[in-house]
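See structure below.
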Amino acid sequence: MMSEVRFHGRGGQGVVTTSKILANAFARTGQYGASFPMFGFERRGAPVTAFGRFSDKPVREKTQIYNPNILVVLDPSQKKAANVFDGLLPGGMMLLNDKKNTDDVRHENLRKLAVVDANGIAMAEIGLPIPNTVVVGAFAKMSGLLDIAPVLEALADYFSGKKLAANEICAKRGFDEVRIVDL
Amino acid sequence: MNTTTAPKRIKVITGNAAAAIAAKLARPDVVAAYPITPQTEVIEQISTFHASGEMDCELITVEGENSAMNAVMAASLAGGRVFTASSSWGLVFMYDAVLAVAGARAPVVMVNVNRETPGIIAVSSGQQDMISTRDAGWIFLIAEDCQEVLDLVLQAYRLAEDYDIQLPVMVHYDGFFLSYLSEGVDIPEQETVDRFLSVLKDQPKRTVLTPGRKLGVGSHGILGGYMELRHKHVTAMERSKAKFEEIDREFDGIFGRTYGGQVEEYRTDDADMVLVGSGSMCGTIKSVIDDQREKGVRIGLVKIRMYRPFPHQALVAALKGKKAIGVVDRSLAFGFDGGPIYTELKAFETRLDGAQLISFIDGIANTDITKTNVEKMIRMTGDLADGKDVPEVTWVSYPDANTKGEK
């Protein structure tokens, strides 16, 4: 079974790192993960889309994802953008970084909505509004595809020292504090 | 690719990181490079390895690509093992030195992260940079995934520095789709790589520049010398085909992975139809082939791994007797009805025992070679096999090219 995940955010939010950490965490469980972003020039603030395929079999596809079953939105301003929902498969789920307990995000194919105040948690723990490591923890909880342990192990490939410790707390808090609603 | 004996040291890394790690494992004496999207991460990683002492090489951070290629050429001619990396306009900016390296038969190894190169400056994927330099005199290898990037860079050193070859090798991989793709890569131990490359030390020593000793390289006599050097270049290129197959087999013995040499065949044995492709598109094509096979469609893939020298003998052997062949190009050839690789393969059509060929152009300027597009190519190749009227060339993601007669 392959999960196809599309990530929406902006340059500087760690969209690419989010997708990398998740691919890394899946690989640690003996599963397979492949992720890549799509953008032109690297620059802060520009919309960035990334794609992740997570599967129990090797992932060979090297194309963008047009029919995701999971959406991850790191940029709250894009939560209602029409293109975010493009091609969402029936039974789909969405993880949203938003401080509000959003109940106005709906789509006919959306069956599960998870909301986490990733910016708020990141500000408290690392002092920067970079939501990515909160989001990876919340993703594990929402999707049910990963335990928090491989996510925490994966973080060590991207951070070290105090930053690692702070980001581990971010991921744990994301896992524990995400609010999940079945629609 | 078959994974059999290698122990698992899987790390989730990008294609760019795989290239940088492979360069580190090859222990080059000199690296000189200049950053360019989508290759920048290769240089970042190598700089990090160098700064931390993990990589014991001379790292020359030059002011531009032309200096990068000239620096590694000089170091290579002085007997050093060298590495550089570029892409698109960077490759253009070093082009005279790229030619000089080939003329001097300097065994330079580099990666080129494929990116569009037309004057409408595009920061997007495409193989036009590879096509526009195809007869510069370098051996060209093309990777499909991050593992193959790493493996091909290691194999490239065996090929470039082989005493019987002594040619520069460029390893190509798709920008964006592969340069930034994070996936699991089995990273070999240093001692295993050392063992794989150690045979290069046991061969006769090539002629190198030595302080105080007079030596001309990349130059020729007044009349016959030029022909002789050019012909020797051609024959060395031709020798590299069998050598690459040999290296692939030896690589399998040591690392437990084989790719099949010049071309990789995927489900071609009983196939009526075959797509011919190269690079990252091949992963997507394989996944579509698996779906189509379940529906009884007898389709296979022939993946070009060595593009220069053109592996026509291996391609003919793999394609002979098939009913229809669709060739997918991620670049253009002007004045031909079809893409560059299609056009080149077409020259061998009479040896294919009646197989018919059509051309697909897709994936230029970052357009995505989607599963839907691949399904369309397979359908059209099937129509050709069934004797239906099919256009010789189709721009898969740009229908206007096929219908409007655009001027």
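Letters A, B, ... are given to chains in the order of the sequence lines, protein chains preceding strands, and every chain is numbered from 1. The analysis underlying the following values was restricted to heavy atoms, covering all of them including side chains, and did not include hydrogens, waters or symmetry mates.
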- For the residue pair B:Phe255 and B:Phe251, categorise the inter-ring angle as parallel (less than 30°), tilted (30 to 60°) or perpendicular (more than 60°). parallel
- Could you tell me whether B:Glu264 and B:Lys286 make a salt bridge, using a distance below 4.0 angstrom between a side-chain N and a carboxylate O? yes
- Go through the atoms of B:Thr14 and report whether side chain, backbone, both or neither lie under 4.5 Å from a heavy atom of chain A. side chain
- Message: With side-chain hydrogen bond (donor to acceptor under 3.5 Å, both in side chains) as the criterion, how do A:Tyr158 and A:Asn132 come out once you've worked through the C-alpha distance, each side chain's angles and the decisive distance to 0.1 Å?
- Response: CA-CA 12 Å; A:Tyr158 306 90; A:Asn132 56 1; over 6 Å; no
- Query: Which answer fits B:Ile13, side chain, backbone, both or neither, if we ask what part of it has an atom under 4.5 Å from a heavy atom of chain A?
  - Reply: neither
- Just checking, is any N or O donor in the side chain of B:Tyr173 or B:Asn16 under 3.5 Å from an acceptor N or O on the other one? yes
- Item | Distance-only donor-acceptor check, side chains B:Ser124 and B:Asn366, under 3.5 Å | no
- Message: Quick check on B:Leu181 against chain A: is it the side chain, the backbone, both or neither that has a heavy atom closer than 4.5 Å?
- Response: both
- Item | Residue selection (most heavy-atom pairs with chain A, distance under 4.5 Å) from B:Asp290, B:Thr372, B:Ile369, B:Val288 | B:Asp290
- Query: How about residues 54-79 of chain A versus chain B: which residues have heavy atoms under 4.5 Å apart?
  - Reply: A:Val59, A:Arg60, A:Glu61, A:Lys62, A:Thr63, A:Gln64, A:Tyr66
- Message: If we define contacts as heavy-atom pairs under 4.5 Å, which of A:Ala34, A:Ser35, A:Ser19, A:Ala27 has the most with chain B?
- Response: A:Ser35
- Message: On the six-membered ring of B:Phe177, is B:Arg330 placed so that its NZ or CZ lies under 6.0 angstrom from the centre and within 45° of the ring axis?
- Response: yes
- So which part of B:Asp174 gets closer than 4.5 Å to some heavy atom of chain A, the side chain, the backbone, both or neither? neither
- Message: Does this structure show an ion pair linking B:Asp269 with B:Arg298, if we count only N-O contacts that are shorter than 4.0 Å?
- Response: no
- Under the side-chain hydrogen bond (donor to acceptor under 3.5 Å, both in side chains) criterion, do B:Asp129 and B:Thr117 qualify, and how do the steps go? CA-CA 6 Å; B:Asp129 53 0; B:Thr117 328; 4.6 Å; no
- Message: Please evaluate residues B:Asn373 and B:Thr370 with respect to the criterion side-chain hydrogen bond (donor to acceptor under 3.5 Å, both in side chains), reporting the C-alpha separation (whole Å), side-chain torsions for both, the decisive distance (0.1 Å), and the verdict.
- Response: CA-CA 5 Å; B:Asn373 288 10; B:Thr370 63; 3.0 Å; yes
